[in-house]
Amino acid sequence: MSIPLTQYWRLLRRYLRPQGPKVLLLGILLLTGIGLQLYYPTVLQRFIDQAGAGTPGLRLLALAALFLGLAIANQLLALWATYLGQEIGWRATNELRAELTEHLLGLDLSYHKDRTAGEMIERIDGDVTPLANFFSAFVVQVAANALLLAGVLAVLYTVDWRAGLALSGFAALHLTVLLRTRHSAMPGWQASRQASSQFFGYLGERLAGLEEIRANGAEHAVRLGFVQALRTRLQAELKAGRGMAIMLVVSFGLLAVGTSTAFGVGLALVRAGAISVGTAYMIFFYTEQLRRPTEQIVQQMQDLARAGASISRIGDLLAMRSTLAVHGEGAPLPDGPLALAVDRLTFGYIPGVPVLENLSFALKPGEVLGVRGRTGIGKSTLARLVARLYDPVGGSIRLGGVDVRSVRLADLRRRVGVVTQEVQIFRGTLRDNLTLFDATVADSRIWAALDELGLREWAASLPNGLDTELASGGGLSAGEAQLLAFARVFLKDPGLVILDEASSRLDPVTEQRLEQAIDRLLLGRTAILIAHRLSTLRRAGQVLSLQSGPEEVVAG
Ligand code: ATP
Ligand code: MG
C-alpha cells in the first residue's frame, strides 16, 4: 500500500485534535500500565527469594498482597484505556462517516445510478470501520509497546547481561518472523470482506423485492442464490481464519523457543551461582511479557495495512466531484412563476446514444406545457434535466432568464418542484413524508396546503391523521402516493412544477381528487405536465409531442 505517511498523519491530526485531552489521558493510562508491568515481576522475585530464605509469613503475605494489588490495578487501567480508546475511535470514525455521507449525497445521479445501495453502505461504513483502531490506538499502542519491549530488555540487562543478550536475540527474531508472516492473513480478510458485502447486497435486494419474488414464484431460485452467496462467504472466512492460524502457530512456536531459552539461561546462571532462583523465575516471567508487546506491534502493523486500504478508498471517494458544478457566484432566481426557455437541448445517458436531440421550446411565466410521447422516448429525462439532476450534453436550459448551471443547486431545487413518476414514500409519518422530515414546517401550514388541494378529507380519513405511520415503499396506493407528492410540492411553493404522470389507472374518486389538486397546484405557476390522460393535457397551452425524429411543438 503506497500511501505517503503524511496522509496518515493528516488524518490523525484532523480527527483527533477535537479529542485532545482524551487522547492525552489515554497516553498516560497506557504508560502507567507499562510502568506497572515492568515493576511487578520484581515483587515476584523478592517473594520467591525471601520464601526460600525463610522470611516470616506475614512479610510474604504483604508481598503477595502487593503483587495482587498491582495486577488488579493493571487490569483496571487496561479496562479504562480500552473504554477510552473505543470512545475516541468511534467519535473519530463517526465524524468521518458523516463527512462521507454528506459527500456521497452531494454527488450527482449519474454516480448513484451506477451503484447499489449496498455498495454505498460499504463505502460509508465498511471502509471506515477498520480505521477505528487506527485512530484510537495505533500511535499510542505502537509507541507504548515499543517502550515496554525496550523496558523489559533493559531490566533484563541489569539483572544479568547474558540473559539480556539472549532474550534480545529472541525478541528480534520473534518480531522479524511475525512482521514477515503478517501478510498471510491479509488477502483472506480482503476476500471475506468482499464476500460479506456481496452477501448483504444480495440479501438487501431480494428482501426489497419480496413481493415480486413471491408473486412470480421465484423463491427457490432466490434460496439457491442465498446458499451460494453464503458458501462463498464461508470459504473466504475459512481462508482468512487459516491465515490467522498460521500466524498464531508461528507465534506460539517461537514463544516456546523463547521460554526454553529463558529456562536454559536461567538454569545455567543459577548453577554457576550468578543469580538466585527468584531472579531466574523473574527472567522467565519477563520472557512471557516480551510476547505481548511483540504481538501487539505486529497486530498494529496489520491494522495499519488494512487502514491503508481504507484510507486510499476513502481518499478516492472524497476526490470525486459532482459533475454538477455551479458556474459563477450563484445567480438568484426571480420570485413568482418562472419563465422556461429550452434551447437546442441535446442529452444522452450514454455517450453517443442521444435520448433528446435539439429540443427547443419556451414557456412564459404561468404557462403550461403538456408533454407526451411513447414510453422510453425521454419525457422523464426532460424533467430531470430541467431540475438539473443531469446536465445537457448540448444546448441550454434557462429558468427566469438564468442558465440553470449558474443557479445554486439548493435555490434551484427550492424553486422547481417535481412530482416524479414513481413517488417515493419514506418510512415515517404522513407529516414527515409531506415535509420531507423538515420539522420546522408547522402543522397549520400542512393542513392549509391539504385544504387548498382538497386533500383534507383524505388525510383526515387516515387512522392517525398526520401522525399515520407510512411504510417505506408501500402502504399507499399509487394514486394516494401521487396526492401526497402534490402536497409535498405545494408546501415547497415552487415557481415551476413538473408533473410526471404515472400511466396507472385511477378510480374515479381518486382521479377527480387528482384533477382538482392539479388545478390548484398549477395556479400561478409555470408547469410542465408529462401526461398520458387527455384530461390532464387539456390544461396545457401547448403540447410537446416527443418523437424519435425531429421534435415538434403543436398548439394545444
Ligand atoms: P415512460 O413514458 O415509460 O415514463 P419516458 O419517456 O419517461 O418513458 P425516460 O425515462 O425519459 O422515458 O427514458 C428515456 C430513455 O433513456 C429510455 O430509453 C431509457 O432506457 C433511457 N434511460 C433512462 N434512465 C437512464 C439511465 N439512468 N441510464 C441510461 N439510460 C437511461
Ligand atoms: Mg417517464
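Note that ligands are numbered from 1 as they come in the structure, with each ligand's atoms numbered from 1 the same way.
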Counting N and O atoms only, with roles assigned by atom type, does the side chain of Arg413 sit under 3.5 Å from a partner on the main chain of Ala387, one being a donor and the other an acceptor? yes
Under 3.5 Å, is there a donor-acceptor pair between the side chain of Tyr390 and the main chain of Thr381? no
With heavy-atom distances below 4.5 Å as the criterion, would you say the side chains of Leu434 and Arg445 are in contact? no
Side-chain donor or acceptor of Lys492 paired with backbone N/O of Val416 under 3.5 Å: yes
With a 4.5 Å cut-off on side-chain heavy atoms, are Asp500 and Val419 touching? no
Quick one: look up the protein heavy atom nearest atom 10 (O) of ligand 1 and list residue, atom name and how far away it is. Ser380 CB, 3.6 Å
Applying side chain to side chain donor-acceptor pair (under 3.5 Å) to Arg91 and Asn94, what does each step give before you reach the verdict? CA-CA 5 Å; Arg91 270 179 204 271; Asn94 276 344; over 6 Å; no
Tell me whether Glu219 is salt-bridged to Arg206, with the criterion being a basic N under 4.0 Å from an acidic carboxylate O. no
For Gln421, counting its heavy atoms only, list the atoms of ligand 1 lying under 4.0 Å from any of them. 1 (P), 4 (O)
Nearest protein heavy atom to atom 29 (C) of ligand 1: under 4.0 Å? yes
Whether Arg388 side chain and Arg384 backbone form a donor-acceptor pair below 3.5 Å: no
How would you list, by chain and number, every residue that makes a ring pair (Phe, Tyr, Trp, His ring centres under 6.0 Å) with Phe226, sequence neighbours excluded? Phe199
What atoms of ligand 1 come within less than 4.0 Å of a heavy atom belonging to Thr381? 9 (P), 11 (O), 13 (O), 14 (C)
Can Gly373 be said to touch ligand 1, with heavy atoms closer than 4.0 Å? no
Nearest-neighbour protein heavy atom for atom 19 (C) of ligand 1, which is reported as residue plus atom name and distance: Gly376 O, 5.0 Å
Quick one: look up the protein heavy atom nearest atom 1 (P) of ligand 1 and list residue, atom name and how far away it is. Thr375 OG1, 3.5 Å
What is the closest protein heavy atom to atom 6 (O) of ligand 1, and at what distance does it sit? Lys379 N, 2.8 Å
Lys379 side chain to Val371 backbone, donor-acceptor under 3.5 Å: no
Can you name the nearest heavy-atom pair linking Asn433 to Gly428, along with the distance? ND2-O, 3.8 Å
Any N or O on Ile350 sitting closer than 3.5 Å to an N or O of ligand 1? no
Can you tell me the protein heavy atom closest to atom 31 (C) of ligand 1 and the distance? Tyr349 CD1, 3.1 Å
Which protein N, O or S atoms does the Mg ion (ligand 2) have within a distance shorter than 2.8 Å? Ser380 OG, Gln421 OE1
Ile377 contact mode with ligand 1 (heavy-atom cut-off under 4.0 Å): both
